[in-house]
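Every chain is numbered from 1, with letters handed out A, B, ... down the list of sequences.
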Protein chains: 2
Amino acid sequence: MSKKQNHEEELHALRHSAAHVMAQAVMEMFPGEAKIAIGPPIEDGFYYDFDLPRALTPEDLETIEARMREIVAGHHAFTRREVSADEARTMFAEQEYKLELIDGLEAGGEDEYGEPLEGEVEISVYEHDAFVDLCRGPHVGSTDEINPAAFKLLSVAGAYWRGDESRPMLQRIYGTVWESADDLEQYLWKLEEAQKRDHRRLGKELDLFSVSDEIGSGLILWHPKGGMVRKLAEDFCHAEHEKGGYDFVYSPHIGKAHLWQKSGHLDWYAENMYAPLDIEGQQYYLKPMNCPFHIEIYKSRTRSYRDLPLRYAEWGTVYRYERSGVLHGLLRVRGFTQDDAHLFCRPDQMPEEIDRVLQFSLNILRAFGFEDIHSYLSTRHPEKAAGSPESWEAPTEALREALERAEIPYQIDEGEATFYGPKIDLKVKDALGREWQLSTIQFDFNLPERFDLAYVGEDGKEHRPYMIHRALLGSMERFMGTLIEHHAGAFPLWLAPVQAVLIPIADRHHDYVHAVAESLKAEGLRVEVDERSDRMNAKIRDAQMQKVPYMLVVGDREIEAGAVAVRLRSGEDLGPMPVEDLVARMRLEIEAHA
Amino acid sequence: MSKKQNHEEELHALRHSAAHVMAQAVMEMFPGEAKIAIGPPIEDGFYYDFDLPRALTPEDLETIEARMREIVAGHHAFTRREVSADEARTMFAEQEYKLELIDGLEAGGEDEYGEPLEGEVEISVYEHDAFVDLCRGPHVGSTDEINPAAFKLLSVAGAYWRGDESRPMLQRIYGTVWESADDLEQYLWKLEEAQKRDHRRLGKELDLFSVSDEIGSGLILWHPKGGMVRKLAEDFCHAEHEKGGYDFVYSPHIGKAHLWQKSGHLDWYAENMYAPLDIEGQQYYLKPMNCPFHIEIYKSRTRSYRDLPLRYAEWGTVYRYERSGVLHGLLRVRGFTQDDAHLFCRPDQMPEEIDRVLQFSLNILRAFGFEDIHSYLSTRHPEKAAGSPESWEAPTEALREALERAEIPYQIDEGEATFYGPKIDLKVKDALGREWQLSTIQFDFNLPERFDLAYVGEDGKEHRPYMIHRALLGSMERFMGTLIEHHAGAFPLWLAPVQAVLIPIADRHHDYVHAVAESLKAEGLRVEVDERSDRMNAKIRDAQMQKVPYMLVVGDREIEAGAVAVRLRSGEDLGPMPVEDLVARMRLEIEAHA
């Protein structure tokens with residue numbers, strides 16, 4: 001077992017134990033009235049669900065936390081005991097939720113969290129101090145291993161018993177616990193920072209996008225400012241694709257049922273597809289992927305070995321069904337635009353194509369400010385995979401070698417590649433160290449067979465081309481969500497929807513300010529003038545809230561000097577600067593990304 | 001009556017008369033066997049439908065034409081006679097199709113072409129020489145008014161009796177007739193030219209786009225070269241929009257039924273919309289228009305008088321149902337991308353906004369090489385129109401004044417504007433003088449009411465904004481079809497998917513040619529190298545067929561001189577030219593359009 005895994009298991013036991021201590025404190029708060037449900041450790045903390053006579057208040061959480069500190073100071077050992085189902089029923093006679101769990105355990109179908117069980121069934125309980133819980137463990141040895149300065153209760157939320165809307169609504173208390181007070185502080189800072197960076201919140205504050213109930217859940221409306229950032233990102237990528245030897249194609253958003261039958265999507269992807277619509281007695285589906293369309297373009301004429309490789313790129317908007325419950329801002333949506341490409345090449349061209357596409361992906365991700373990139377190589381799934389195990393060897397090796405040459409850290413996900421073929425996933429770490437899956441480069445054994453793709457070789461005979469699927473930013477929606485959170489809405493200058501706000505101090509400065517605005521616009525800069533009658537400081541504060549990179553204040557002194565007073569959104573004050581110098585500075589900053 | 005109308009009525013009578021003469025010739029060819037159906041004049045000519053014992057051959061058309069010349073030389077007068085239905089039945093006792101038409105005429109519901117009748121019903125016949133036809137006329141006075149050197153039979157096609165698939169299939173002979181042999185020649189040249197320019201043919205030859213049976217009719221797949229032209233056109237328009245003060249928004253392709261109910265589309269546009277699809281019990285429709293989405297963006301926050309005007313632009317792909325029978329290449333499709341924009345402004349801003357949008361439209365159309373632009377101002381439909389007649393006055397006047405100021409020819413289409421409000425349509429004439437409808441600028445009284453749009457005025461109260469719909473190129477698909485036919489596929493340099501082909505004469509010239517290709521690419525030019533082992537002349541011919549603007553031939557002499565031998569697709573030979581001079585020349589040509 002690795003050190004990291006070991007550490008995670010220790011944290012797991014610590015969090016599980018804190019959940020028990022919290023449950024004890026809550027039971028003592030409502031003697032004879034508190035019903036306990038389940039209380040597992042989770043990522044970064046724990047929760048416990050309670051059925052209580054009244055709603056908990058923030059003050060209750062403080063009281064519970066204080067009592068928890070007393071309990072942990074009591075040096076109570078956690079002790080495990082195996083019991084029969086009947087013994088357990090006696091112990092939890094007053095606890096209806098536990099009794100239901102015991103029934104599940106006895107039937108051998110569910111564990112104490114109501115999750116399906118695997119392997120041998122045993123009923124065990126853990127006790128400490130005055131509290132006993134139905135529990136598989138593990139726990140720490142004693143309550144004093146829980147650092148009283150390293151835990152905190154965070155919030156209360158409603159949760160249905162067993163996640164079932166027809167069952168009682170319980171109160172779930174979330175808490176977090178770490179080894180040290182420093183770790184806790186670091187975690188709480190990250191939590192607060194993550195909330196500030198939440199792209200849904202920033203999307204509203206910066207007027208980037210919205211979702212309308214009238215239109216439908218999971219369907220994004222890009223507002224002018226968000227649309228500008230998206231367009232700038234797309235324009236940059238388009239230009240890179242052109243330089244990178246890609247061709248742009250466009251395809252429709254619907255296609256006949258027969259197409260999706262042929263591609264196999266109706267067999268293995270149907271649950272992600274919307275219901276069909278009828279046109280003149282034919283069923284059409286909204287496209288969940290662009291591949292079959294690009295394949296039809298490939299097939300529209302005879303291809304020679306000289307024509308390959310072909311690299312078809314499309315910003316293709318696809319629609320995939322997601323339950324409304326899992327939709328989440330830009331990160332989990334129902335309609336999204338992939339920066340999709342399909343490469344068709346000869347087998348001998350494959351290693352170079354993979355090298356190219358990997359380098360291309362890394363360069364683009366870096367241009368957007370993502371430096372910390374990890375990759376995952378998924379190998380053949382033992383069952384759900386097209387092509388023979390032997391046929392997977394060369395492409396898997398090509399992917400692995402490309403990763404080696406690119407000198408980025410990678411890990412192998414054995415047997416994780418299904419259907420098409422082996423693949424590379426690229427994940428980036430954002431400013432808070434959170435990992436986001438963006439790019440996928442996947443080799444495909446399946447579709448070239450299904451669509452009987454061919455090219456005429458130098459030998460005059462027909463051969464099967466190789467096909468590679470590739471989405472680089474992944475989905476524009478998801479990518480934009482990542483970008484917003486990574487930069488906390490303070491987009492780098494080249495992506496900022498408004499690059500500078502001009503702030504005249506008084507009305508008599510308006511003419512000068514508009515002249516400066518026009519000269520900046522003529523340089524291709526995106527500039528606004530804040531002509532409101534508010535005070536200068538209020539205007540600067542508003543521009544900072546809008547994360548505008550440059551605030552250019554103009555008063556009598558600046559006009560006299562033919563300058564603007566430059567302030568950055570960071571708060572830094574650069575003082576008066578001639579307009580030419582400002583333009584030069586902004587140009588340098590803009591060009592730095594590419 | 002204007003001179004032009006008069007001339008058109010004369011041509012109409014001439015064509016109608018030629019149809020009768022042709023019918024006489026056909027009846028004489030199959031004595032006692034030919035059944036005649038209908039034979040109207042049409043744009044540029046005439047046709048007649050026959051039920052004949054055998055299929056006609058091209059030689060038959062020549063024979064019929066020869067006999068027509070004999071008939072017209074016979075100086076036979078066309079004479080009109082009114083008859084009772086019974087008399088008519090006796091005259092056409094052997095002509096079952098005519099008998100059916102007589103029944104229709106007698107019932108007062110249909111004319112002799114089976115079209116619904118308006119006004120008084122009378123049965124008239126026209127006679128000349130040995131031929132008599134049920135006919136309202138008018139005709140020319142005598143067959144010798146038909147110039148024997150100015151008519152031609154063009155083709156035979158199948159046509160169902162009364163356009164009904166369950167009725168007999170007849171043979172339709174198409175012919176054309178003009179006043180002079182010169183007019184005929186000019187028309188036949190245009191016809192041939194139009195066939196050569198047919199965008200469906202060029203789309204295939206130049207590998208621009210295709211329609212796949214697997215995907216569905218009326219759904220376009222843009223291939224790399226067509227995609228490149230489209231992208232270049234879009235990029236140019238995007239940049240112009242940005243300069244023109246438009247904001248880019250993006251919206252989804254589906255929306256809830258309730259939205260389309262609210263917008264009124266389900267009331268008055270349902271027959272153009274596809275069947276709904278179901279998501280979690282909600283009905284969603286593919287969008288036939290972008291307007292409600294842009295309105296939702298407008299409504300996403302409170303708008304102040306200071307925020308207006310707002311100009312939301314989107315390249316929005318919409319889907320509209322068209323019967324498969326009327327689909328036609330890129331011109332009539334089921335899915336197309338509008339270069340759509342919606343302007344929201346205060347009433348006092350409206351005249352200036354209309355001026356701006358009209359000038360903007362004209363500038364863009366001109367940049368694409370359309371100089372001959374006509375406009376049509378549609379005024380209030382007496383019934384199918386939102387808003388009071390008085391409320392239409394100011395916007396109609398604003399549109400008219402904008403047209404006056406723009407100094408382009410316009411005509412008023414009285415009562416042709418339905419639903420939204422008054423509108424301007426812009427139509428361009430192409431190189432063959434054919435008119436194509438592209439831009440529409442329409443004022444809207446309807447949607448701001450339906451969606452209760454508001455802005456807060458200087459008075460602190462809520463006011464209703466004005467809204468203007470605007471599609472400039474109209475649909476990218478239709479526009480590209482127009483562009484292909486206008487330029488006969490020979491796109492101007494800035495739009496050419498491949499701007500130059502480099503042609504090495506022998507293998508030893510390859511290195512030099514690739515170096516030149518790289519230097520041209522570094523200048524942002526789109527260049528291909530034709531490395532095939534074919535002869536130089538074959539390569540030049542291929543490049544000309546592909547309408548590549550520049551062919552750059554390289555042999556020993558050119559390498560020695562550090563030059564390339566330049567040939568234009570027109571056939572013009574510019575001789576050897578240093579690469580820098582070539583780049584400068586191409587740059588000038590590219591920049592000329594903007």
Please classify the contact between [X] and chain B as side chain, backbone, both or neither, with a heavy-atom cut-off of under 4.5 Å.
| X | value |
| --- | --- |
| A:L310 | neither |
| A:E531 | neither |
| A:Y319 | side chain |
| A:S251 | both |
| A:R323 | both |
| A:K262 | side chain |
| A:D235 | neither |
| A:R334 | side chain |
| A:F248 | both |
| A:E322 | backbone |

Heavy-atom proximity to chain A below 4.5 Å, by part of [X]:
| X | answer |
| --- | --- |
| B:R230 | both |
| B:Y321 | side chain |
| B:S324 | both |

Between A:S217, A:G216, A:P224, A:G226, the one whose heavy-atom pairs under 4.5 Å with chain B are most numerous: A:P224
Could you have a look at A:S300, A:A313, A:S210, A:P497 and say which one has the most heavy-atom pairs with chain B under 4.5 angstrom? A:S300
Could you report the tightest heavy-atom contact between [X] and [Y], atom names first, then the distance?
| X | Y | value |
| --- | --- | --- |
| A:P252 | B:I220 | CD-O, 3.4 Å |
| A:D213 | B:K256 | O-NZ, 2.8 Å |
| A:I254 | B:I215 | O-CG2, 3.8 Å |
| B:A275 | A:D278 | CB-O, 3.9 Å |
| B:I279 | A:Y274 | CD1-CE2, 3.3 Å |

Out of curiosity, [X] [atom1] to [Y] [atom2], how far, rounded to the nearest 0.5 Å?
| X | Y | atom1 | atom2 | value |
| --- | --- | --- | --- | --- |
| A:L219 | B:E296 | CG | CD | 12.0 Å |
| B:D207 | A:I297 | CG | CD1 | 9.5 Å |
| B:E242 | A:M228 | CD | CE | 4.0 Å |

So for atom [atom1], which belongs to [X], do other residues, nucleotides or ligands contribute more than 12 heavy atoms lying within a distance under 6.0 Å?
| X | atom1 | value |
| --- | --- | --- |
| B:K204 | NZ | no |
| B:R532 | CZ | yes |
| B:E280 | CD | yes |

Can you tell which of B:R306, B:K243, B:K225, B:R301 has the highest number of heavy-atom pairs within less than 4.5 Å of chain A? B:R301
If the test is side chain to side chain donor-acceptor pair (under 3.5 Å), which one of B:E477, B:K231, B:H223, B:E234 qualifies with A:Y250? B:E234
Sequence neighbours excluded, the answer for side chain to side chain donor-acceptor pair (under 3.5 Å) partners of A:Y284 is none
